[in-house]
Amino acid sequence: MNSVVEILPQEFYNRPPLTVARDLLGARLVRILDNQRLSGIITEAEAYIGKEDLGCHAHSGKTKRNAVMYGLPGHAYVYFTYGMHWCLNAVAEVEGFPAAVLIRAIRPEEGAAIIHTRRNGRDTNGPAKLTQALGIDGTLNGVSLCDPVAGLWIEAGASIPDEAVTIGPRMGLYTVPEPWKSKPWRFIVSRDT
DNA sequence: AGCACGATGCTCT
DNA sequence: GAGCATCGTGCTT
């Protein structure tokens, strides 16, 4: 079999965040760490959409932290939270509109042994778990996910049929008011394909 | 299997 | 100074 590596292009991300989040399911998140190729299939993602969305970091306008979300689609927005965790987003939508897709879970593939060691044998089904597993931190904030130079990118993968996708409200928005708290903007691969 | 809580420090008001 | 797009542990059903 001839396998062609296809890095998802910037146009992939220059679309509505809900579409980007849905279509990132099944894609392959790739990280080069210590000259090793690590990867996992994305199994969960959430959309954060503009300053109207009170769950989105951009709801209070542009700040130093969220500035990357206002920039070019297809770039990494990596933020620090809860005093110890990094979370990875892919910037979506046209430049100037603040939106991003939070990568919440992966299923390890390449380098699975290394990934499990980095996780002390624990799972990679959480946004801060997968960044720890792949060595993703604030030094990668703002890098392009559309080329390999930074050692972090996303490749096209198997497409996931609708029957295998569960949609629900986003996680962790405890103090966010309705309707934003309950918007069904979370996409999960709910069964093997 | 589910809930409660503490860890821990950056970011913005 | 408050709040946080979380995680792991420890305790309860």
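Residue numbering restarts at 1 for every chain, and letters A, B, ... go by the order of the sequence lines. Keep in mind the model is a prediction, meaning the values are calculated, not measured.
Here the range on DNA chain B touched by chain A, meaning any atom under 4.0 Å from one of its heavy atoms, is B/dA7 to B/dT13.
The CG-C1' distance, from A/Leu130 to C/dA5, rounds to 13 Å in whole Å. A/Trp86 has its CH2 atom 19 Å from the P atom of C/dC4, to the nearest Å. Residue A/Lys183 contributes atom NZ, which lies 19 Å from atom P of C/dA5 at whole-angstrom precision. For the pair A/Arg104 CZ and C/dA5 P, the computed distance is 11 Å after rounding to whole Å. Remark: P of C/dG3 and NE2 of A/His59 are 13 Å apart, rounded to the nearest angstrom. Here the P atom of nucleotide C/dA5 and the CG atom of A/Leu173 are 7 Å apart, to the nearest Å. Rounded to whole Å, atom P of C/dT9 lies 18 Å from atom OH of A/Tyr82.
Ring geometry, A/Tyr82 versus A/His85: the interplanar angle exceeds 60°, so the pair is classed perpendicular (tilted spans 30 to 60°).
Under the 3.5 Å distance criterion, with hydrogens and angles disregarded, a donor-acceptor pair is assigned to the side chains of A/Arg119 and A/Gln132. In the model, A/Arg28 has a side-chain atom that pairs as donor or acceptor with a side-chain atom of A/Ser39 under 3.5 Å.
The strand DNA chain C forms stems, runs of 3 or more Watson-Crick or G-U wobble pairs with distances below 3.5 Å, at B:1-7 with C:6-12, B:9-12 with C:1-4.
Shown are A/Arg104, A/Arg170, A/Lys183; of these, the salt bridge (charged side-chain N to carboxylate O under 4.0 Å, His left out) with A/Glu46 is made only by A/Arg104.
The side chain of A/Lys129 sits closest to C/dC7 out of C/dC7, C/dA5, C/dC4.
Counting non-hydrogen atoms under 4.0 angstrom, A/Leu102 reaches a base of the nucleic acid. Across all strands, A/Gly55 comes closer than 4.0 Å to base atoms (heavy-atom distances). Among the atoms of the strands shown, none is found under 4.0 Å from any heavy atom of A/Arg170. Within the 4.0 angstrom heavy-atom criterion, only backbone atoms of the sugar-phosphate kind lie near A/Phe80; the bases stay farther away.
Side-chain atoms of A/Glu44 and A/Thr166, non-hydrogen and from C-beta on, never get closer than 4.5 Å to each other. Between A/Val20 and A/Asn14 the shortest side-chain heavy-atom distance does not fall below 4.5 Å.
Lacking a ring centre under 5.5 Å from that of the base six-membered ring together with a plane angle below 30°, A/Tyr79 does not count as stacked on C/dA5.
Under the salt bridge (charged side-chain N to carboxylate O under 4.0 Å, His left out) criterion, A/Glu155 pairs with A/Arg37, sequence neighbours left out.
Atom CG in A/Asp123 sits 11.5 Å away from atom CD1 in A/Ile115 (nearest 0.5 Å).
Between C/dC7 and A/His85, no contact under 4.0 Å exists linking OP1 or OP2 to a side-chain N or O. Contact annotation: A/Thr175 does not reach the phosphate of C/dG3 (side-chain N/O to OP1 or OP2, under 4.0 Å). A sub-4.0 Å separation between OP1 or OP2 of C/dG8 and a side-chain N or O of A/Arg119 is present.
A/Met84 and A/Met171 are assigned to two separate hydrophobic clusters, defined by single-linkage of ILVMFWY side chains at heavy-atom distances under 4.5 Å.
Residue A/Thr81 is the one, among A/Thr81 and A/Gln132, whose nearest nucleotide of DNA chain C lies closer to the 5' end (criterion: closest heavy atom).
When the shell of 6.0 Å around CD of A/Glu52 is examined, it contains 12 or fewer heavy atoms from other residues, nucleotides or ligands.
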